[in-house]
Amino acid sequence: MTQPDYHLIGAYTRYSSWTARVEAVLEYFEIPYTKEFLSLDQARTHSPSAQFPLLKCHSLNITLNDSLAIAEFVADQNPELQLWPSDPALRGLARSAAAEMHSGFGTIRNTFHTNFVARYTGAIPISENARREIRRILMIWDDARRVTRERLSPTEDEGFLFGRFSIADVWFWPVLWRFRTYNLPLDDATPATLEWMEKMWRDPRLKKLVRGYYRQAEDPATRIEKYEGLFAEEGVVYGTFDEEWVFTSPRAGDKAETEA
């Protein structure tokens, strides 16, 4: 059996949004690869820059770091899969949205850490900076859907941010989870945004990734204490979501509800 050309090295994806993004690209587009998930400290020792994930390409004898650079490389190597939108305007907007997520939203990323299976309930403190970033994220999602509907016919638009599933959807995948994990406000979410969120949550290929996060959580060796039980001093209660959780789109003015 031929060895896959790509080998992904990263941190456990239940906590690592950057590794999770690369994994999602490879899994969703069914690109053959092998993977090696490690603790944060172990993953850093594999990288000269102490950053991860890494992607080894055996045929070219190179190792890449930086998740967005890896995604761009994989897109270039597999043009037939159209990892970016084929429409030039939508492709430019998709790259712009992914780049803004890649370099921005520091308050959200540094306050509400990735924890795919966690559920925090209570009065979670949300700073004004965080609220501004939340509003901007929701605006990006709504603008993406609006422009896409203007440019694509209903038969071309599959309901993802820019029509078909792309790297842009992947880049906001861990952000979508933060809305669930920390019950971040959806007050400014438009119907188009909520429709995209629901589509992402219900996508069968993404659900396969979700099962992987939960299987990791069953292994105590994957646990990172500093990402568990945040905001305890504020009386926020830590728990986990049921694996069969289902997103229910809220009505105007209501919060999202869950079904088991």
Side-chain angles (χ1 to χ4, degrees), residues 13-14 17 19-31 71 81-85 90 94 97-98 101 108 112 114-121 134 137-149 152-218 239-260:
T13 48
R14 61 180 290 200
S17 60
T19 304
R21 286 178 171 96
V22 176
E23 180 190 37
V25 168
L26 296 169
E27 287 287 340
Y28 200 94
F29 290 97
E30 299 181 336
I31 299 170
L81 298 179
Q82 296 185 7
L83 273 65
W84 291 111
L90 296 180
M101 181 64 248
I108 294 292
F112 306 106
T114 300
N115 192 334
F116 281 111
V117 305
R119 180 177 194 171
Y120 287 91
T121 55
I134 289 167
I137 289 167
L138 295 174
M139 181 184 297
I140 290 172
W141 295 347
D142 182 60
D143 285 348
R145 294 302 302 136
R146 175 181 54 79
V147 176
T148 297
R149 284 175 167 170
L152 300 183
S153 69
T155 57
E156 296 173 310
D157 181 7
E158 297 181 8
F160 292 105
L161 286 178
F162 296 96
R164 293 181 60 207
F165 187 85
S166 75
I167 291 172
D169 297 283
V170 173
W171 245 244
F172 286 102
W173 174 235
V175 185
L176 176 61
W177 277 77
R178 283 176 167 92
F179 278 87
R180 183 183 95 146
T181 299
Y182 301 99
N183 196 27
L184 299 181
L186 289 170
D187 301 16
D188 296 310
T190 64
T193 293
L194 295 171
E195 287 173 7
W196 170 77
M197 295 175 75
E198 185 167 4
K199 184 169 185 65
M200 291 286 286
W201 283 122
R202 294 180 183 273
D203 186 277
R205 295 188 188 184
L206 295 177
K207 282 186 174 182
K208 180 182 176 182
L209 289 172
V210 174
R211 288 194 290 274
Y213 307 147
Y214 276 87
R215 298 294 77 75
Q216 283 181 28
E218 293 172 355
T240 58
F241 275 96
D242 186 277
E243 190 172 347
E244 302 305 317
W245 175 91
V246 174
F247 175 80
T248 302
S249 183
R251 299 183 300 274
D254 290 345
K255 290 186 177 181
E257 298 175 352
T258 62
E259 298 174 356

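Numbers for residues simply follow the sequence, beginning at 1.
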Is a side-chain N or O of Glu158 found less than 3.5 angstrom from the main chain of Gly163, in a donor-acceptor match?
no

Evaluate the side-chain proximity of Phe172 to Ile140: yes if any heavy-atom separation is below 4.5 Å, no if none is.
yes

Between Tyr28 and Asp169, do the side chains contain an N or O donor and an N or O acceptor separated by less than 3.5 Å?
no

Can you tell if the side chain of Leu161 reaches within under 4.5 Å of the side chain of Thr148, non-hydrogen atoms only?
no

CD1 of Ile134 to CG of Asp188: how many Å apart, nearest 0.5 Å?
9.5 Å

Verdict with reasoning, Phe162 to Trp171, per ring-ring contact (aromatic ring centres under 6.0 Å, His included)
CA-CA 13 Å; Phe162 296 96; Trp171 245 244; over 10 Å; no

Quick one, Phe165 and Met200 - any side-chain contact, counting heavy atoms below 4.5 Å?
yes

Is the backbone of Thr13 close enough, under 3.5 Å, to the side chain of Gln216 for a donor and an acceptor to pair up by distance?
yes

Glu198 CD to Thr193 OG1 distance, which is reported to the nearest 0.5 Å:
13.0 Å

What verdict does the salt bridge (Lys or Arg N to Asp or Glu O under 4.0 Å) test give for Glu195 and Arg149, after you've listed the backbone C-alpha separation in whole Å, the side-chain angles of each residue and the deciding distance to 0.1 Å?
CA-CA 13 Å; Glu195 287 173 7; Arg149 284 175 167 170; 2.7 Å; yes

How long is the span from the CG atom in Leu206 to the CG atom in Leu176, to the nearest 0.5 Å?
9.0 Å

If we ignore hydrogens and angles and just use 3.5 Å, is the side chain of Arg202 paired with the main-chain N or O of Phe247 as donor and acceptor?
yes

Considering all heavy atoms, the nearest Tyr213-Ala20 contact
OH-CB, 4.1 Å

Does Arg21 make a cation-pi contact with Trp173 (under 6.0 Å, within 45 degrees of the axis)?
no

Taking the side chain as every heavy atom from C-beta outward, state whether Arg119 and Thr240 have any pair of such atoms under 4.5 Å apart.
no

Atom pair CG (Asn115) and OG1 (Thr181), whose distance is rounded to the nearest 0.5 Å
6.0 Å

Check whether any side-chain heavy atom of Leu83 sits under 4.5 Å from a side-chain heavy atom of Ser166, and report yes or no.
no

Give me the atom names and distance for the closest heavy-atom approach of Ile167 to Ala71.
CD1-O, 3.7 Å

Do Asn183 and Thr121 have side chains that approach each other closer than 4.5 Å (heavy atoms only, starting at C-beta)?
no

Please determine if Asp142 and Arg145 form a salt bridge, counting it only when a charged side-chain N lies under 4.0 Å from a carboxylate O.
no

Can you check ring-ring contact (aromatic ring centres under 6.0 Å, His included) on Trp201 and Trp177, steps first, answer last?
CA-CA 9 Å; Trp201 283 122; Trp177 277 77; 5.0 Å; yes

Derivation of the salt bridge (Lys or Arg N to Asp or Glu O under 4.0 Å) call for Glu244 and Lys207:
CA-CA 10 Å; Glu244 302 305 317; Lys207 282 186 174 182; over 6 Å; no

Charged N to carboxylate O under 4.0 angstrom, Glu27 versus Lys208?
yes

Any side-chain heavy atom of Leu138 sitting closer than 4.5 Å to one from Leu186?
yes

One should read off an interatomic distance between Phe112 CZ and Tyr120 OH, to the nearest 0.5 angstrom, of 11.0 Å

Do the ring planes of Trp141 and Trp196 sit parallel (below 30°), tilted (30 to 60°) or perpendicular (above 60°)?
tilted

Arg180 charged N/C atom sitting above Phe241 aromatic ring, 6.0 Å / 45°
yes

